[in-house]
Every structure is written in structure tokens, then in C-alpha cells.
Amino acid sequence: MRKRLLTLLPPALVALGVLFVPLDMFAATPVTRQFTVQASQFAFDPPTLRVNRGDRVVITLEATDVVHGLYLDEYDVNVRVEPGLSKQIEFVAEKTGKFRYRCSVSCGSLHPFMIGELVVMPNDAFARAVGLTLVAALAALVYLSRFPPGEA
Amino acid sequence: MSESRLDLLTRFPWLKEAIKSRLWQPAAMLLTLSFFVLVILTGLLGTPAGSRNFGIIFVWIVWWAVLIIVLIPFFGRLWCAVCPIPGPGEWLQRRGIISRVPGKLRSLGWRWPRPLRNIWLQNAGFLMMAMFSTIILTRPLLTGWLLLGFLLLSVLFSILFQNRVFCRYVCPVGGFIGLYSLLSPLELRVKDVAVCREHKTKDCLVGTSCSYGCPWLVYPGTLKRNAYCGLCAECVRACPKDNIGLNLRPFGSDLLVDKERRMDEAFKAFIMLSCSLLYSVVLLGPWGWLKALANMETVSGWALYATGFLVVNLLVVPGLFWLTTVLARHLSGLHASVHRLFVDHAYGLVPLGLAGWIAFSLSFIFVNGSYVIPVLSDPFGWGWDLIGTSRVAWTPLALGFLPALQVITLLVGLVFSITTLYRIAQQHSSAFAGHALVSSGDRAWWATLPTAGFATGVTLLFLWIFLG
Ligand code: SF4
Ligand SMILES: [Cu+2]
């Protein structure tokens, strides 16, 4: 039992490292980023917005066909836009990662799947998840080679 | 019976009494049937706006969430014991709902064709549904007709064939529940195989005065896997030797049963894995053009989409896995044919496939779960307000920890898959009478390297869709 735990110790330490190592050094100088996002059944154009942490994000939201909305996960943004008019959204991208923005005004059949993405770099959640996956896979392989199940 | 099993029926006598009762199954089925009828009615007659229609919300959010996150992983095929779809047909055959009506089942007694005694039909049916899923998922009318169609088809099958031929060979949902039930920590098995061998009348198969013969055409005495046991407990009621147990066991035990692996089930594993990836890309991704194709905005666009969908399901994913097993065979020096390794190792992808489905489902359940509250008050979307909640607004829930939950789910699935792949490889290498230079464990390890790489690649793909 001790041996087994010892085998898992190094990967566990690496996993902790992957989870908690600061990734701040990749931060870029904040700037203001302007986007015009067009909402139409059932997509946002452009589909993906990429910014860096600390950037001031200014989105001009337009609807091209019917009334749509934009709800941005975790950013407390929720606006509604009528066709022909436009709405300004402004916020500072403090949280990093991928956040989906979704239409928040029922606009037709695919409304629940009308989704766009805001990616705030550095996307450390994704980087850490990839790291954890590789560590987990390698740890499993190492563990299996040292302690094959069924062979005491 | 191995020592890693705990028979719940021996442990909890009240559970045995409860399960032997003829009451629980019809009671549960009548309950689900009443929801089912409401789903069909709201689907056919209610508002075409899916998010305000009881049918859409209850089937594709509530039922789906409970099925994929709770029932399948922990209780295997339990859904099949309470599913409303086979109910009316079964009751017609039995000429009764609760008690055992004496005499034979009433049906035309056709024989199910031998070439179809597998799950290829279910694979095809699931793919058909999956190709149309974007429009089924969002159109109450289609969901209503689809479910009504299932109901009528199951009645028709009950008229033509005895027992649950529909569930076992036709129902597209039953197919994947069966495959993923191999994972569940619950199993119905005989306690002592020798007792069954000696027992000549086989009451569990033919039925008794207080029980029907196994509706799933399964003989408990040789049952080794969950795949085709519907957990109806007729055999528990029948067995005069008290030889049937309901065991708690380690997750995934049936994936290691090496005698019954088949190509149709292997393809089920590929189809389910591919579909969970494709659904995540199409429904959760930001690509409007893809949604437009899937949404059948033009027939030619949809045809393109459907072709791509089939190519990924039937060629790309199985093809890549085939190459992976060729590599595994080469690296390990295992003698089994590529065909054999391909089929057997496919079962190793079952945990990851289920994890993928759970991760995918979590995102839309948390986001859209709040739709449940208004549709309870206004099921048809006609402006009713039965319980005063019809105006509760859409509120996505707890998105903060969603990515972490998805990552954990996928990692558990991945590690589980790698371990299973290794143990499957072990079965081949222990059967291997080879050189003494490489131990059987090493062979298994080298065989696992490529397949584990495949599983890791799939996991990274999921992560990229969800977080990247
Ligand atoms: S009735 Fe019981 S003892 Fe007889 S064959 Fe069935 S399971 Fe075995
Ligand atoms: Cu919209």
C-alpha cells in the first residue's frame, strides 16, 4: 500500500503544480478593444471574441433580423437589442477563461443554442485542464505498469 | 459469486419484499406514462417555442439529466424497468397490468429474425435520431410525434412478437442504456450457477403462477452482463430456490467480461463517443453555420451535415481507433487479430464516452434548468399560470464551477478508460504463450499505450470544446 501511494506521489505533486503555478507572466498590457457583434437567428458574428485580461471590452451589439439579447456568463452582462438599433456593452475583462454569451431573448427554434464565445487570455483554466489530463494519463500508465491489476 | 459483490436482497430483506411485489413496476410505469402522455400532448398541441413547452423541457432537460447523470451511471438499466414506452404493449400481451394473469402471452407470436438479434438496428436508429437531433430537440411537434411513434411502434411490436422485442432489438435509447449499463455498480445475477443448472423447470424463463417468464428473453442462470437485463425482477419473483441476487459491485465490472464482446456493441461505443463530441461542437460551439446546417435550413445543407455526421461516426472515429489497435498489436506483439483487439478494446472507451455525455449534458442542464419552473405552471405555453410560476425568468445557474465539474468528470472517465483498456489488454496477453523475454504485464502495457493515447486525445478534444 505504501509503495502504491509513493508511486502516485510525484504525479500528485506535479498535478498540484499544474493547478497552482501562477501564469501571470504571460499577461499583456491592457488595451481597449472594440467589437461590433451582429446577432441574427441563430448566431453571433463574429462567433469568438479574443481579449486579454484587464482589457476594456466595448461591444456594439446589433440585431439584424428579430429581437435578440446577449447574456455573458459570469460577467453580469445582459442586454436586449431591437433590430435596426444598437446597444453598447462595456466592461473590463477581469476573469480569464472561455465565457459563452447567449441570446437571452427567445428568438426562435434554436434560441437556446444561440451562443458566442469570449476568450479572455491567458486561458489558464484550459491550460491547467490540459496539463492535468496529461498528468492523469501518464500517472495511470505508470501506476498500471508498476502495479498491474489482478497480479498481486 | 466473487467476494467483491454485496447482495442487497440478502442484506436488506425489506428490499427483497419490495422488489418481489408485483406493484412497484406497474405503479412506476403508470407514473412515467402519465408524464409521457402530457409530454406528447404538450408536444403536439402546445406552443412551438421549445423553451416554453413542457414536452421539450421535461424530455430533453429533466428526463435526459436524470437518465445520463444518475440512472445510467449508478443504476444501469433501471430506467427500462419504469419506462412508459413498452407499458401499453406489455399490458396488452399480458391482458393485465398488475397481477399475473394465467395463460400465455397474447401476440401473433412471430419470430424475430435471426440476423437482427443484435443491436445493429438500434445503432442505426440512434444515428437516424442523432442526425435529426437539432430539430427534434427544439421542435415540440417533432418531439411529440417521435415519442408517440415510439409508443405505437412498441405496441405494434407487442402484437407481432412476444415479450420485449422492441426494447431489446429496436429502441434506440435502449441500445445505449444497455451498453453503458455495463458500467453501473448494480447487477442482477444468480447467486449460485450450480443451483440453476440442477433446476430443471427453469421457472425464471417460463414463468410461474405469480410471475411472467423473463420479458427480455434472458436466462438468469448464464447472465454475465447487464446489457440485456431490464431489472424488472420477474425472475426474483419466479425463482423457487431464492437464487437471484441484486448485487452491488465495482463500477465497470461487465466491461471485463471477455466472452460476449461483439462488433455491434463496439460500434455502439464509437457512435456514442462520436455523438457526444459532435453534439458538443454543434450545440455548444459558437459556429452558426454549423447550427444552420443541422437545423435543416436547406435540405442540401442538411444532407451535407448528415453525411459528415455519418462519416465521423462510422468511419473517422472507428477508423482512427482501428489504426490505434494496429499500432497496439505491433508494439505489444499480441497475437490476437486486429479485428479482435479492435472489438475488445472498444469497450475500454465506454467510461470516457459516458463521461463525455455527462460533461456535455451538465452544461446545458445548468444553463437551461430554470426553464423547468415556468413550464410547470404553463405546460402548453398557452398563458396559463397553474402554480403562479409561469413568469419566472430564465436564469443560468452556477456557471462558475461548471468547467471544474466538466474537467473532473472527463478525468475520471479518462483514467477509468485507461485502466479498463489495460485490463482488456491483459486478457489478451495472459492468453499469450509467447517468449519469456517480455512479461504478460509488459505486453499489456505496450498494447495500452496507443489506446490510452487515443482516449487522452479525445479528452483533450472535449476540453478544447468546453474550455479552450
Ligand atoms: S428459477 Fe431460479 S433456480 Fe431455477 S433456473 Fe431460474 S434462477 Fe435458476
Ligand atoms: Cu436570439
Side-chain angles (χ1 to χ4, degrees), chain A residues 15 39-49 69 71-75 78 95 97-102 104-119 123-130 132-151, chain B residues 48-52 134-135 137-139 282-292 294-295 363-364 367-368 371 393-394 396 399-400 402-404 406-407 410-412 414-419 422-423 426 430 439-442 444-445 448-449 452-453 455-456 459-460 463-464 466-468:
Chain A
S40 56
Q41 285 169 328
F42 299 97
F44 293 100
D45 184 33
T48 306
L49 310 178
Y71 172 98
L72 177 56
D73 289 358
E74 292 199 68
Y75 266 92
N78 190 2
K95 299 174 196 170
K98 172 147 106 181
F99 305 95
R100 292 187 168 79
Y101 45 94
R102 312 160 187 282
S104 54
V105 177
S106 195
C107 61
S109 59
L110 250 59
H111 157 71
F113 301 111
M114 179 168 165
I115 292 172
E117 294 173 348
L118 169 75
V119 181
N123 187 351
D124 42 354
F126 178 53
R128 291 180 208 278
V130 168
L132 273 187
T133 303
L134 298 177
V135 172
L138 285 175
L141 285 170
V142 170
Y143 185 86
L144 288 168
S145 81
R146 300 211 46 192
F147 307 104
E151 296 174 19
Chain B
S51 48
R52 291 192 294 121
T134 303
I135 50 173
L137 230 53
T138 51
R139 267 61 159 202
V282 175
L283 296 176
L284 301 181
W287 302 287
W289 58 272
L290 204 52
K291 292 180 219 258
N295 197 29
S363 60
F364 76 81
V367 170
N368 294 319
Y371 282 132
W394 171 73
L399 295 164
L402 183 62
Q406 289 176 314
V407 173
L410 286 168
L411 287 189
V412 170
L414 173 63
V415 171
F416 196 166
S417 266
I418 292 179
T419 314
Y422 181 84
R423 302 193 67 169
Q426 266 183 324
S430 61
S439 82
S440 69
D442 282 348
W445 195 83
T448 311
L449 206 54
T456 309
T459 309
L460 293 177
L463 289 177
W464 170 72
F466 295 140
L467 312 185

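Naming: A, B, ... by sequence-line order, numbering from 1 per chain.
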**Message:** Looking only at heavy atoms and a cut-off of under 4.5 Å, which of B:Val282, B:Val407, B:Asn295, B:Leu137 has the most pairs with chain A?
**Reply:** B:Asn295

**Prompt:** A:Lys98 and B:Leu467: side chain to side chain contact (heavy atoms under 4.5 Å, CB included), yes or no, with the steps?
**Reply:** CA-CA 6 Å; A:Lys98 172 147 106 181; B:Leu467 312 185; 5.5 Å; no

**Fill in**
CG of A:Leu141 to CD1 of B:Ile418, rounded to nearest 0.5 Å, is 5.0 Å

**Message:** Would the distance check show the side chain of A:Arg100 and the main-chain N or O of B:Leu284 forming a donor-acceptor pair, the cut-off being under 3.5 Å?
**Reply:** yes

**Asked** Top residue by heavy-atom pair count (under 4.5 Å) with chain A, among B:Ala294, B:Ala455, B:Gly400?
**Response** B:Gly400

**Request:** Grab the two heavy atoms, one from A:Asn123 and one from B:Gly468, that are nearest each other, plus how far apart they are.
**Result:** ND2-C, 3.7 Å

**Request:** Output yes when a side-chain donor or acceptor of B:Gln426 lies under 3.5 Å from a complementary backbone atom of A:Pro148, and no otherwise.
**Result:** no

**Message:** If I measure from the heavy atoms of chain B, does A:Ser106 come under 4.5 Å with its side chain, its backbone, both, or neither?
**Reply:** side chain

**Prompt:** By a 4.5 Å heavy-atom criterion (distance strictly below it), what part of A:Ser104 contacts chain B: side chain, backbone, both, or neither?
**Reply:** both

**Message:** Using 0.5 Å steps for rounding, measure from the CG atom of A:Asp73 to the OG atom of B:Ser363.
**Reply:** 10.0 Å

**Item:** A:His111 NE2 to B:Arg52 CZ distance, which is reported to the nearest 0.5 Å
**Value:** 10.5 Å

**Message:** Just verifying a value: how many Å separate B:Arg423 CZ and A:Leu144 CG, rounded to the nearest 0.5 Å?
**Reply:** 9.5 Å

**Prompt:** Of the backbone (N, CA, C, O) and the side chain (C-beta and beyond), which part of A:Arg128 lies under 4.5 Å from a heavy atom of chain B, both, or neither?
**Reply:** neither

**Request:** Heavy atoms only, distances under 4.5 angstrom: which of A:Phe44, A:Tyr71, A:Phe42 has the most pairs with chain B? Name it, please.
**Result:** A:Tyr71

**Request:** Look at the side chain of B:Lys291 and the backbone N and O of A:Phe113, then say whether any donor-acceptor pair between them is shorter than 3.5 Å.
**Result:** yes

**Item:** Spacing of CH2 belonging to B:Trp445 relative to CZ belonging to A:Arg146, to within rounding of 0.5 Å
**Value:** 13.0 Å

**Request:** Considering non-hydrogen atoms only, spot the tightest contact between A:Ala136 and B:Val415 and give its length.
**Result:** CB-CG2, 4.0 Å

**Item:** Interchain contact, B:Leu414 with chain A, by part (heavy-atom threshold 4.5 Å)
**Value:** side chain

**Message:** To the nearest 0.5 Å, what is the distance between OG1 on B:Thr456 and CG on A:Leu134?
**Reply:** 7.5 Å

**Prompt:** Taking every heavy-atom pair that is under 4.5 Å apart, which of A:Ala43, A:Ser109, A:Pro47 has the most such pairs with chain B?
**Reply:** A:Ser109

**Message:** Is B:Ser51 close to chain A through its backbone or its side chain, or both, or neither, when contacts mean heavy atoms under 4.5 Å?
**Reply:** side chain

**Request:** Not counting sequence neighbours, which residues clear side chain to side chain contact (heavy atoms under 4.5 Å, CB included) with B:Trp464? List them please.
**Result:** A:Phe126, B:Trp287

